[in-house]
2 protein chains.
Amino acid sequence: MSISSRFSVGIHILALLEINKDGKNTSELLASSVNTNPALIRKIMGMLKKAGLVEIHPGIAGAKLAKGLSEITFLDVYQAVNVVNENELFSVHDNPNPNCTVGRNIQESIMPIFSNAQLALETTLSKVTIEDVVMDIVHKEHENTSK
Amino acid sequence: MSISSRFSVGIHILALLEINKDGKNTSELLASSVNTNPALIRKIMGMLKKAGLVEIHPGIAGAKLAKGLSEITFLDVYQAVNVVNENELFSVHDNPNPNCTVGRNIQESIMPIFSNAQLALETTLSKVTIEDVVMDIVHKEHENTSK
DNA sequence: TTACCTGTAACTATAATAGTTACATTTCAT
DNA sequence: ATGAAATGTAACTATTATAGTTACAGGTAA
């Protein structure tokens, strides 16, 4: 099991929109950077648009961030690209046997624990923004070019 | 995406081994409580055994906990049933374009953040034990029978 | 030695991901 | 207004993981 790479691709896209903010960020250019298909990028862009993270218009080339860099958290992207439904990171087996002590209580007993773990993960994601990534990338670039 | 129910089934099994510790916990009995197939239970039991959480022997009916109740954490089970590989909860798209500033840095930039989020999740899981679940189930049972 | 159990291989059905092709629709430059 | 260039989507494929199932080899004990 693994959380879809739509998430990392979404972050890639948003970071690129900032770093290449003066360029023409078409789905083809973005696809070339991510190394995938323009149609796939457009799908993900559609999700980011729906979540209010980017501005795009049919027929008009390019996309822009719809919010400030520091206002877009990893959690926003994570939710935008729909990799995990609310409270469904962990799946719980259904229809356990109601004639068994464990069977009739396990779901209610486990679910709050799973929710907590999911919340811990999401809280961590909510503390990182696209700005952090962009700064990190710029920093890494500088490190390398100055060698 | 969703983390396999092997995890919740594993917890179910371990809790039942405790609550029914004086009974004969065959894969068939466990399967009936979980509401699935004995062969599937045996597969999961095999994983729990490999992780040192239960004692089973070929030909001999029943299984027992191999550790104290409070010594088995949710994280132990999570790792035992192999639902998520180490540092692979999030998948990162591979082969991003090395000719692009973002492409050549995104992986290194994102991966530590993902690791942190995964760590937060796993830390939460490490703080809950099978004992907690058993106590909760016993408590819930008492609540209902005393109505 | 028979009945019962565990361990496992092999198979199926279902669903999600990632990728791809194709095309309708929209916009802008000429 | 016409054509070039984008976006938006539907439809399809391949691959993989999950969950479930059947079947049977091998161990154990009454």
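Below, read A as the first sequence line, B as the second, and so on, with proteins coming before strands; counting in each chain starts at 1. Here the structure is a predicted model, which means the values were calculated and not measured.
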Handout entry: Candidate nucleotides C/dT6, D/dT7, C/dA10, ranked by approach to the side chain of A/I56 - the nearest
Key = D/dT7
Practice task
Among D/dA19, C/dG19, C/dT17, find the nucleotide with the atom closest to the side chain of B/L40.
Solution key: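 Nearest listed nucleotide: D/dA19.
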What is the distance from [atom1] of [X] to [atom2] of [N], rounded to the nearest Å?
X: B/N35; N: D/dA19; atom1: CG; atom2: C1'; answer: 13 Å
X: A/N95; N: D/dA19; atom1: CG; atom2: P; answer: 14 Å
X: B/I41; N: C/dT8; atom1: CD1; atom2: C1'; answer: 16 Å
X: B/F7; N: D/dA19; atom1: CZ; atom2: P; answer: 13 Å
X: B/N37; N: C/dA13; atom1: CG; atom2: C1'; answer: 14 Å
X: B/F90; N: C/dT17; atom1: CZ; atom2: P; answer: 14 Å
X: B/E28; N: D/dT21; atom1: CD; atom2: P; answer: 14 Å
X: A/E55; N: D/dG8; atom1: CD; atom2: P; answer: 12 Å

Handout entry: DNA chain C: 5'-proximal contact among B/M45 and B/S91 (nearest heavy atom)
Key =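 Of the two residues, B/M45 wins.
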Practice task
Can you spot which of B/N20, B/L16, B/I19 makes a side-chain contact (heavy atoms from CB on, under 4.5 Å) with A/C100?
Solution key: B/L16
Problem - Separation of B/I11 CD1 from B/I72 CD1 (nearest 0.5 Å) - result: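 B/I72 CD1 to B/I11 CD1: 11.0 Å, rounded to 0.5 Å.
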Completion exercise
To the nearest 0.5 Å, atom CG of B/L17 lies from atom CG of B/L69 at 10.0 Å
Problem - Polar pair under 3.5 Å, donor/acceptor by atom type, side chain B/K49, base C/dG7 - result: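 No.
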Practice task
Measure distances between side-chain N and O atoms of B/K43 and base N and O atoms of D/dT21, and say whether any donor-acceptor pair falls under 3.5 Å.
Solution key: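 Yes, the side chain and the base share a sub-3.5 Å donor-acceptor pair.
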Practice task
Could you check whether A/K24 gets within reach of a base, just the sugar-phosphate, or nothing at all, counting any heavy atom under 4.0 Å?
Solution key: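 Result for A/K24 = sugar-phosphate.
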Practice task
Using a heavy-atom cut-off of under 4.0 Å over every strand shown, decide if A/A61 touches base, sugar-phosphate, or nothing.
Solution key: sugar-phosphate
Problem - Nearest heavy-atom neighbours spanning A/V133 and A/A15 - result: CG1-CB, 4.4 Å
When you measure from the side-chain N and O atoms of [X] to the phosphate of [N], is any distance below 4.0 Å, counting only OP1 and OP2?
X: B/S27; N: C/dT6; value: yes
X: A/S2; N: C/dT17; value: no
X: A/S5; N: C/dA18; value: yes
X: B/T36; N: D/dG20; value: yes

Practice task
Using only heavy-atom distances, determine whether the side chains of B/N116 and A/T124 contain a donor-acceptor pair under 3.5 Å.
Solution key: no
Practice task
Answer yes or no: is there a donor N or O on one side and an acceptor on the other, between the side chain of B/Q107 and the main chain of B/P96, under 3.5 Å?
Solution key: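 No; judged by distance alone, with no hydrogens or angles, the pair does not exist.
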Completion exercise
Heavy-atom contacts, protein to nucleotides 23-30 of chain C, under 4.0 Å, summarised as B (base), S (sugar-phosphate only) or - (none) per nt, yield ---BSS--
Problem - Mutual orientation of the aromatic rings belonging to B/F7 and A/F114 [parallel < 30°, tilted 30-60°, perpendicular > 60°] - result: parallel
Practice task
Start with the C-alpha distance between B/H12 and B/S33, add both sets of side-chain angles, then the distance that settles side chain to side chain donor-acceptor pair (under 3.5 Å), and finish with yes or no.
Solution key: CA-CA 9 Å; B/H12 185 138; B/S33 174; 2.7 Å; yes
